[in-house]
Amino acid sequence: MAANNRRMSGKKGAQVGSGGQRRRGLEGKGPTPPAEMRKGHAKQRAAAAQARRTQGRPQQRRGAGRTSSELVVGRNPVFEALREGVPASTLYVQQFIDSDERVREALQLAAERGGINLMEAPRPELDRMTGGLNHQGLVLQVPPYVYAHPEDLTAAAHDAGEDPLIVALDGVTDPRNLGAVVRSVSAFGGHGVVVPERRAAGMTAGAWKTSAGTAARTPVARATNLTRALEAYKKAGLVVVGLAADGEAELGDLEALDGPVVIVVGSEGKGLSRLVGETCDFRVRIPMPGGAESLNAGVAAGIVLYETARRRA
């Protein structure tokens with residue numbers, strides 16, 4: 001009979017209990033935490049963002065980015081880049097190079113600045129790096145430029161207790177114009193420059209050189225969409241002033257320059273794009289008694305920045 005019972009039960013040996021696992025499973029994990037503490041919840045993300053803001057704004061925010069590294073090629077360009085303070089990570093020198101005055105000066109500048117690696121490389125390697133350009137035995141590597149976010153410029157102004165003064169460039173593709181604008185913004189107490197992410201000049205070695213070192217202390221922000229960046233500035237209380245040859249107002253009559261303002265400069269040929277022009281609160285012209293049709297971006301921005309600084313003084 002006992003044997004028959006064992007066959008009917010289908011179990012081998014003594015039956016093992018749950019060991020309390022079922023009871024613990026019914027206990028749960030405690031009360032549900034508030035939304036601000038639940039990972040992935042919208043309120044939790046908002047609380048984390050608020051905490052980051054209160055702890056200080058990071059140097060690079062959403063939408064900010066980096067350029068790719070750049071090579072400056074040739075003895076004179078390398079020397080000038082080092083003399084003008086263009087950031088550099090490595091100076092490549094060809095093996096067995098004929099050391100003339102420019103080579104010696106470049107090596108001396110690199111050594112005096114510090115933080116620049118000196119690397120000796122065979123000519124075929126430099127040819128490969130430069131794509132066959134006439135490097136003359138000297139190649140300077142410029143590290144990627146770290147762009148700010150457009151909101152960082154207004155934040156810096158508010159932290160300093162000042163009305164924001166920002167220049168935005170629309171369709172400016174010459175890096176030298178960008179460098180000249182950065183230099184003017186620095187000279188007249190501006191808080192930075194905004195450039196579009198596409199079809200626009202970036203902070204290349206040429207822009208650094210034209211800025212005469214001011215790019216080290218004047219941030220350049222990159223906007224994915226310039227029109228949306230300008231609309232965000234307007235919501236933050238800034239007046240958007242576009243420069244246009246056929247502007248409705250004259251520069252000397254514009255009172256908006258006394259307060260928080262974004263000055264938008266278009267390209268020398270096409271001026272402001274349609275959407276950017278429609279986003280501006282005012283379209284302003286610079287009087288030119290000499291009859292010139294237009295000014296390049298660097299000169300136009302300098303004139304408006306001077307007038308703004310004069311009024312704020």
Side-chain angles (χ1 to χ4, degrees), residues 147 150 153-154 164-188 190-204 206-207 210-211 218 220-236 238-311:
Y147 289 92
L153 308 187
T154 52
L165 174 56
I166 299 167
V167 174
L169 301 182
D170 178 27
V172 175
T173 57
D174 189 341
R176 292 170 296 182
N177 269 334
L178 172 57
V181 171
V182 170
R183 187 172 184 177
S184 294
V185 169
S186 177
F188 295 112
H191 300 99
V193 180
V194 180
V195 297
E197 189 173 297
R198 298 180 180 180
R199 296 184 292 276
M203 283 305 298
T204 62
T210 311
S211 77
T218 302
V220 176
R222 192 161 61 177
T224 304
N225 184 293
L226 183 59
T227 302
R228 286 202 294 266
L230 295 176
E231 290 172 347
Y233 279 144
K234 292 172 69 171
K235 290 179 181 178
L238 280 70
V239 177
V240 179
V241 175
L243 302 187
D246 59 347
E248 298 82 11
E250 195 167 289
L251 178 61
D253 301 329
L254 188 64
E255 297 181 357
L257 297 178
D258 298 344
V261 66
V262 183
I263 300 164
V264 189
V265 183
S267 64
E268 184 175 351
K270 298 180 180 179
L272 299 176
S273 62
R274 180 181 61 83
L275 289 177
V276 168
E278 293 174 354
T279 306
C280 295
D281 296 303
F282 300 96
R283 294 171 71 253
V284 179
R285 65 182 182 275
I286 299 173
M288 291 182 285
E293 292 184 0
S294 63
L295 300 170
N296 70 35
V299 173
I303 292 172
V304 182
L305 286 164
Y306 166 76
E307 176 64 16
T308 306
R310 184 186 69 81
R311 295 187 181 196

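This structure is a prediction, so every number in the text was calculated from the model and none was measured.
Closest non-hydrogen pair, A297 versus G266, comes out as CB-O, 4.3 Å. Residues A221 and P150 share a closest heavy-atom pair of CB-N, 3.6 Å. Closest approach of V194 and A223 over heavy atoms only: CG1-CB, 4.0 Å. When all heavy atoms of G302 and S184 are compared, the closest pair comes out as CA-OG, 3.9 Å.
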Between side-chain atoms of residues 249-261 and protein atoms elsewhere (two or more places apart, or another chain), which donor-acceptor pairs fall under 3.5 Å?
none

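For the pair V304 and L243, the minimum side-chain heavy-atom distance is below 4.5 Å. Contact annotation: the side chain of Y233 never approaches that of V239 to less than 4.5 Å [non-hydrogen atoms, C-beta and beyond]. In this structure, V181 and V265 have side chains that are not in contact, with every pair of non-hydrogen atoms separated by 4.5 Å or more. Taking the side chain as every heavy atom from C-beta outward, V172 and D170 never approach each other to under 4.5 Å. Side-chain contact between L238 and I166 is present, with heavy atoms from C-beta onward closer than 4.5 Å. The closest side-chain heavy-atom distance from L226 to V276 is below 4.5 Å. Using a 4.5 Å heavy-atom threshold, the side chains of D246 and R285 count as separate.
Remark: the backbone N or O of L275 is paired with a side-chain donor or acceptor of T279 at under 3.5 angstrom. Side chain of Y147 to main chain of M203: a donor-acceptor pair is present (N/O by atom type, distance under 3.5 Å, no hydrogens or angles). Using a distance-only test at 3.5 Å, with no hydrogens or angles considered, no donor-acceptor pair links the side chain of K235 to the main chain of L230.
Between S211 atom OG and R176 atom CZ the span is 14.0 Å, to the nearest 0.5 Å. To the nearest 0.5 Å, the span separating CG on D174 from CG on L169 amounts to 11.0 Å. With rounding to the nearest 0.5 Å, the separation of CG in L295 from CD1 in I303 is 5.0 Å. To the nearest 0.5 angstrom, L165 atom CG is 5.0 Å from I263 atom CD1. To the nearest 0.5 angstrom, Y306 atom OH is 11.5 Å from R311 atom CZ. In this structure, the separation between CZ on R199 and OG on S273 is 10.0 Å, given to the nearest 0.5 Å.
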**Message:** Is there a side-chain contact (heavy atoms from CB on, under 4.5 Å) between T218 and H191? Walk through the geometry before answering.
**Reply:** CA-CA 7 Å; T218 302; H191 300 99; over 6 Å; no
**Item:** Verdict with reasoning, L272 to V264, per side-chain contact (heavy atoms from CB on, under 4.5 Å)
**Value:** CA-CA 8 Å; L272 299 176; V264 189; 3.7 Å; yes
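Crowding of R183 atom CZ: a count of heavy atoms from other residues, nucleotides or ligands under 6.0 Å not exceeding 12.
Using a 4.0 Å cut-off between charged side-chain N and carboxylate O, R228 and E231 make no salt bridge.
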